[in-house]
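Data block below; observations after.
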Amino acid sequence: MIEPASPEVITRAGRLIRGGAAVAFPTETVYGLGANACSDTAVAHIFEIKRRPAFNPLIVHVGSFEEAAMLGDFDRMAYALADAFWPGALSIVVPRRRDCEISLLACAGLDTVAIRVPAHKTARAILAAAQCPIAAPSANASGEVSPTLARHVADSLGDALLIVDDGPCPVGLESTVVACSGGQPVILRPGGITFEAIADIAGPVKVAGEHDDGPVQSPGMLRQHYAPRSPVRLEARSVAPGEALLAFGRHEIDGASEELNLSAGGDLTEAAANLFAMLRALDRPEHSAIAVMAIPEDGLGRAINDRLRRASRPGPWD
Ligand code: AMP
Ligand code: MG
């Protein structure tokens with residue numbers, strides 16, 4: 001249901017998010033579909049509601065630089081950009097801190113995290129009410145344009161969801177995404193903050209896909225995919241000696257050197273929530289490979305299979 005951004009609705013939105021539900025709310029860029037970024041299950045709901053065919057990393061929203069610095073390592077460049085543009089329409093990709101509490105699903109299994117401090121007063125009020133970092137991609141079904149009005153969200157995602165309405169988004173474009181992990185910053189996606197404004201602070205910036213040697217990469221595709229070191233074998237119906245098993249549902253496969261089950265009950269949301277943490281846990285040299293049982297190709301299963309297919313191919317990964 002669409003509800004105006006009253007104090008009561010903001011408190012409710014915060015409580016819902018903290019409790020693991022997804023809520024749509026305005027930011028200065030576009031309406032976001034937000035969920036507790038520290039909960040794998042809450043983040044899985046975002047992918048489910050958006051019907052995304054792939055798990056890409058999400059932007060984590062926090063209320064202040066201090067909170068951001070608890071999640072990622074800000075080098076001098078990242079700090080300078082945060083200082084210049086936060087709160088605002090810039091998302092900064094930095095290495096995850098060792099003690100980072102953000103869901104691995106929100107980071108698509110990567111060692112980096114994209115963080116933004118939004119300026120919009122309702123987004124900030126919801127962050128304060130939720131008291132947790134909020135992962136929020138645009139609040140539209142996969143493949144559709146980003147919503148800049150509450151009504152767009154309802155048209156795309158239906159109105160079973162709480163949609164906090166605070167009128168049109170002032171910027172109306174997604175945030176600019178810039179990666180800072182030592183060296184020259186790389187712009188991964190153009191957006192609300194211009195390249196020129198970033199270059200004023202950071203000096204010459206690289207744009208992903210331009211001036212790169214080798215195959216052209218599309219924006220946002222720089223080291224985008226978590227790739228296990230161990231070979232990954234799909235559609236396993238048995239295991240070879242030394243293989244670890246990543247299972248799904250009930251089964252009678254014996255003899256794995258170690259087994260983890262994405263969801264013993266065959267629940268795809270639970271499987272999505274566990275995917276990256278379990279792949280990482282099994283990705284150890286003592287296992288000759290990770291054998292993965294077949295996952296049904298529907299709902300979140302599509303995104304799970306997309307990720308597994310990428311993990312099973314040798315690099316370079318698109
Ligand atoms: P959205 O959340 O749909 O607005 O999109 C997030 C954008 O940020 C996408 O272009 C992602 O590729 C990019 N992004 C988010 N996290 C990372 C990360 N850890 N590394 C690289 N790109 C990222
Ligand atoms: Mg989008």
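Order of appearance sets the numbers: ligands from 1, and atoms from 1 within every ligand. For this chain, numbers begin at 1 and follow the sequence in order.
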### Query
Between F65 and W86, how do the two ring planes meet: parallel, tilted or perpendicular, split at 30° and 60°?
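Correct class here is tilted.
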
### Query
Looking just at side-chain N and O atoms, do S175 and S91 make a donor-acceptor pair shorter than 3.5 Å?
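Judged by distance alone, the side chains do pair up.
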
### Query
Quick one: are P87 and H120 in side-chain contact, heavy atoms under 4.5 Å?
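No, side chains not in contact.
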
#### Entry: The single option from R280, R97, R96 passing salt bridge (Lys or Arg N to Asp or Glu O under 4.0 Å) against D111
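Option passing the salt bridge (Lys or Arg N to Asp or Glu O under 4.0 Å) with D111: R280.
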
### Task
Return a yes/no value for T112: is any of its N or O atoms, backbone included, closer than 3.5 angstrom to an N or O of ligand 1?
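So ligand 1 has an N or O lying under 3.5 Å from an N or O of T112.
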
### Message
Closer than 4.0 angstrom, basic N to acidic O: yes or no for R116 and E28?
### Response
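E28 and R116: salt-bridged.
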
### Message
So that I can tick it off, tell me whether E174 and R189 are bridged by a salt bridge, with the cut-off set at under 4.0 angstrom between side-chain N and carboxylate O.
### Response
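E174 and R189: not salt-bridged.
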
#### Entry: Point-to-point distance, once rounded to the nearest 0.5 Å, from CZ of F47 to CG of L58
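Separation between the atoms: 4.0 Å.
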
[X]: heavy atom below 4.0 Å from ligand 1, yes or no?
| X | value |
| --- | --- |
| E174 | no |
| R52 | yes |
| I59 | yes |

### Query
Does N140 bring an N, O or S atom to under 2.8 Å of the Mg ion (ligand 2)?
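It does not; every qualifying atom lies at 2.8 Å or beyond.
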
### Query
Where's the contact between V93 and ligand 1, heavy-atom distance under 4.0 Å: side chain, backbone, both or neither?
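V93 to ligand 1: side-chain contact only, backbone stays beyond 4.0 Å.
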
### Contact partition for L188 relative to ligand 1, non-hydrogen atoms under 4.0 Å
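Within the 4.0 Å criterion, L188 contacts ligand 1 through side-chain atoms alone.
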
### Task
Output the list of atoms in ligand 1 that are nearer than 4.0 Å to some heavy atom of P137, sorted by atom number.
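Reading through ligand 1 atom by atom, the close ones are 2 (O), 3 (O).
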
### Query
In terms of atom number and element, which parts of ligand 1 are under 4.0 angstrom from non-hydrogen atoms of A114?
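Those qualifying, in numeric order: 15 (C), 16 (N), 17 (C).
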
